[in-house]
Visitor: 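Submitted below is the structure of interest, expressed as structure tokens.
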Amino acid sequence: MGSSSGNPAGYVLLQRPDELSKEEMQKIASQLKGFVNEVGFAFRRDKEFDLKYYSAECEVAFCGHATIAIMYDLISTDPELLNEKELKIKSVPERSLYSTMSGTRTQFISWLLFLNILSAASALMIQRKHWMPQLRLFDARRPLRVIDGGLRTLIVPMASLKDCLDLCPDQEKLREFCLKKDFDIVHVYTDDVSTEKAGYRTRVFAPKYGYLEDPATGSGNSAFGYYLLDEGLWEDDFAIEQGPSLKDPNVVRMKRYKEGDVDRILFGGSGTTRIEGRYHLC
């Protein structure tokens with residue numbers, strides 16, 4: 001995505017929905033640790049797709065960047081799919097999603113409870129001598145929220161771009177925090193940005209899945225889009241710059257549209273196929 005290194009994803013196209021067991025899919029994802037954060041497994045039913053996702057540690061309920069990568073590859077290599085306006089995707093567990101060439105959108109959203117800000121600060125390894133300076137690193141104008149946009153996402157507003165980029169949490173401590181609080185990922189953001197076209201800078205941490213930081217995130221930024229809507233902060237469609245790099249962030253596009261009386265969020269990016277072939281499971 002963008003001019004930076006993006007977020008690598010791998011996928012296996014299945015000939016039958018039961019071609020691989022859960023254990024075999026988990027083994028493949030574990031073998032690819034360090035190359036990709038998640039591996040997708042896709043089965044096509046005419047113009048509908050069943051998708052499953054695994055990290056090196058466990059199954060993942062939904063993975064936005066892997067979905068974009070999978071659909072990019074399938075659509076770009078099939079003229080029939082290229083002419084379709086919308087393709088239906090079913091993820092596991094049962095969450096219905098829809099895909100266009102620009103990205104995916106969630107079908108529903110659930111709003112959850114506020115969090116203790118000091119607990120979040122400790123987990124993110126924000127260290128200060130006194131707790132008041134610690135709190136100033138957060139944007140007091142905006143709340144912490146937990147939103148499910150495919151993954152249960154803790155959204156944390158930061159006071160500045162520097163504070164956002166300076167975060168360097170301990171992977172194991174943050175993992176313990178996420179497991180204890182039942183979060184899938186932690187999404188931090190600020191409207192202090194380093195590129196002209198971006199509306200927000202975000203960083204997403206996912207230690208539950210066996211790695212610390214996700215370079216470009218679909219589900220987390222989707223949840224963030226619903227957060228902006230609920231807080232009355234969404235104005236025009238915008239781009240998100242994501243990651244710890246000041247000058248070379250990843251770019252995720254965000255759009256809003258109405259379906260009847262319901263607001264929908266689309267996220268999207270570009271993709272490039274690097275490697276293709278047959279996978280032999282030993």
Side-chain angles (χ1 to χ4, degrees), residues 1-7 9 62-72 85-87 89 91 95 97-111 139 141-158 161 164-165 184-206 213-245 248-259 262-271:
M1 297 181 179
S3 60
S4 59
S5 58
N7 193 357
F62 173 64
C63 182
H65 84 276
T67 301
I68 291 176
I70 292 168
M71 299 314 298
Y72 168 84
K85 182 179 179 181
E86 189 171 88
L87 298 170
I89 297 169
S91 66
R95 285 189 172 105
L97 299 149
Y98 298 84
S99 174
T100 67
M101 286 190 66
S102 62
T104 61
R105 57 184 168 87
T106 55
Q107 188 180 23
F108 60 87
I109 195 76
S110 57
W111 305 100
D139 189 341
R141 301 169 300 166
R142 297 169 183 173
L144 279 76
R145 296 290 296 270
V146 182
I147 299 178
D148 191 329
L151 297 178
R152 281 173 56 90
T153 305
L154 170 63
I155 298 178
V156 181
M158 302 299 294
L161 177 62
C164 187
L165 297 183
D184 292 319
I185 56 178
V186 178
H187 180 291
V188 303
Y189 80 93
T190 178
D191 58 6
D192 184 12
V193 297
S194 61
T195 56
E196 290 184 4
K197 296 182 180 180
Y200 295 90
R201 165 67 65 126
T202 70
R203 294 181 67 185
V204 178
F205 301 103
E213 184 165 3
D214 200 35
T217 312
S219 56
N221 286 317
S222 176
F224 178 56
Y226 284 101
Y227 170 96
L228 294 176
L229 288 177
D230 194 58
E231 295 297 321
L233 298 171
W234 189 294
E235 296 179 359
D236 299 321
D237 295 343
F238 60 94
I240 285 174
E241 54 182 40
Q242 182 174 338
S245 173
D248 196 22
N250 286 305
V251 177
V252 179
R253 307 289 178 183
M254 303 291 291
K255 292 185 178 182
R256 169 191 182 185
Y257 76 100
K258 285 278 191 180
E259 189 174 71
V262 180
D263 279 302
R264 302 296 191 193
I265 299 296
L266 288 91
F267 62 85
S270 59

Visitor: Is the shortest side-chain heavy-atom distance between I68 and F267 below 4.5 Å?
Guide: yes
Visitor: If you define the side chain from C-beta out and look only at heavy atoms, does anything of I240 sit under 4.5 Å from F224?
Guide: yes
Visitor: I want to check something: taking the side chain as every heavy atom from C-beta on, are L165 and R201 in contact at a cut-off of under 4.5 Å?
Guide: yes
Visitor: Can you find a heavy atom in the side chain of R152 that is under 4.5 Å from one in the side chain of V146?
Guide: yes
Visitor: Would you give the length of the straight line joining atom CZ of F62 to atom CG of D148, rounded to the nearest 0.5 angstrom?
Guide: 11.0 Å
Visitor: Only counting residues at least two apart or in another chain, list the ones meeting salt bridge (Lys or Arg N to Asp or Glu O under 4.0 Å) with K197.
Guide: none
Visitor: Determine whether N250 and N7 make a side-chain contact, defined as any pair of heavy atoms from C-beta on separated by less than 4.5 Å.
Guide: no
Visitor: Let me know which of T202, T217, N221 forms a side-chain contact (heavy atoms from CB on, under 4.5 Å) with V252.
Guide: N221
Visitor: Using atom types as modelled and distance alone, determine if a side-chain donor or acceptor of E241 lies under 3.5 Å from a backbone N or O of V193.
Guide: no
Visitor: About how many Å separate OH of Y189 and CD of Q242, when rounded to the nearest 0.5 Å?
Guide: 15.0 Å
Visitor: As an exercise, state the distance from CD1 of I70 to CD1 of I89, rounded to the nearest 0.5 Å.
Guide: 8.0 Å
Visitor: D191: which residues meet the salt bridge (Lys or Arg N to Asp or Glu O under 4.0 Å) condition with it, sequence neighbours left out?
Guide: R141, R142
Visitor: Would you say that M254 contacts L228 through its side chain, given a criterion of any heavy-atom pair below 4.5 Å between the two side chains?
Guide: no
Visitor: Determine, stepwise, if the pair I147 / H187 fulfils side chain to side chain contact (heavy atoms under 4.5 Å, CB included).
Guide: CA-CA 10 Å; I147 299 178; H187 180 291; over 6 Å; no
Visitor: Taking all atoms of both residues into account, what is the closest heavy-atom pair of A9 and A66, and its distance?
Guide: CB-CA, 3.9 Å
Visitor: Are the side chain of E231 and the backbone of P143 linked by a donor-acceptor contact shorter than 3.5 Å?
Guide: no
Visitor: What is the minimum heavy-atom distance between I185 and S219, and which atoms define it?
Guide: CD1-OG, 4.2 Å
Visitor: Would you call P157 and L144 a side-chain contact if the rule is heavy atoms closer than 4.5 Å?
Guide: yes
Visitor: Is it true that a side-chain atom of D237 and a backbone atom of R256 form a donor plus acceptor pair closer than 3.5 Å?
Guide: yes
Visitor: Are any side-chain N or O atoms of R203 and backbone N or O atoms of E213, one a donor and one an acceptor, separated by less than 3.5 Å?
Guide: no
Visitor: Side chains of H65 and D214: closer than 4.5 Å at any heavy-atom pair?
Guide: yes
Visitor: Side chain to side chain contact (heavy atoms under 4.5 Å, CB included) for L233 and Y200? Distances and angles first, verdict last.
Guide: CA-CA 11 Å; L233 298 171; Y200 295 90; 4.2 Å; yes
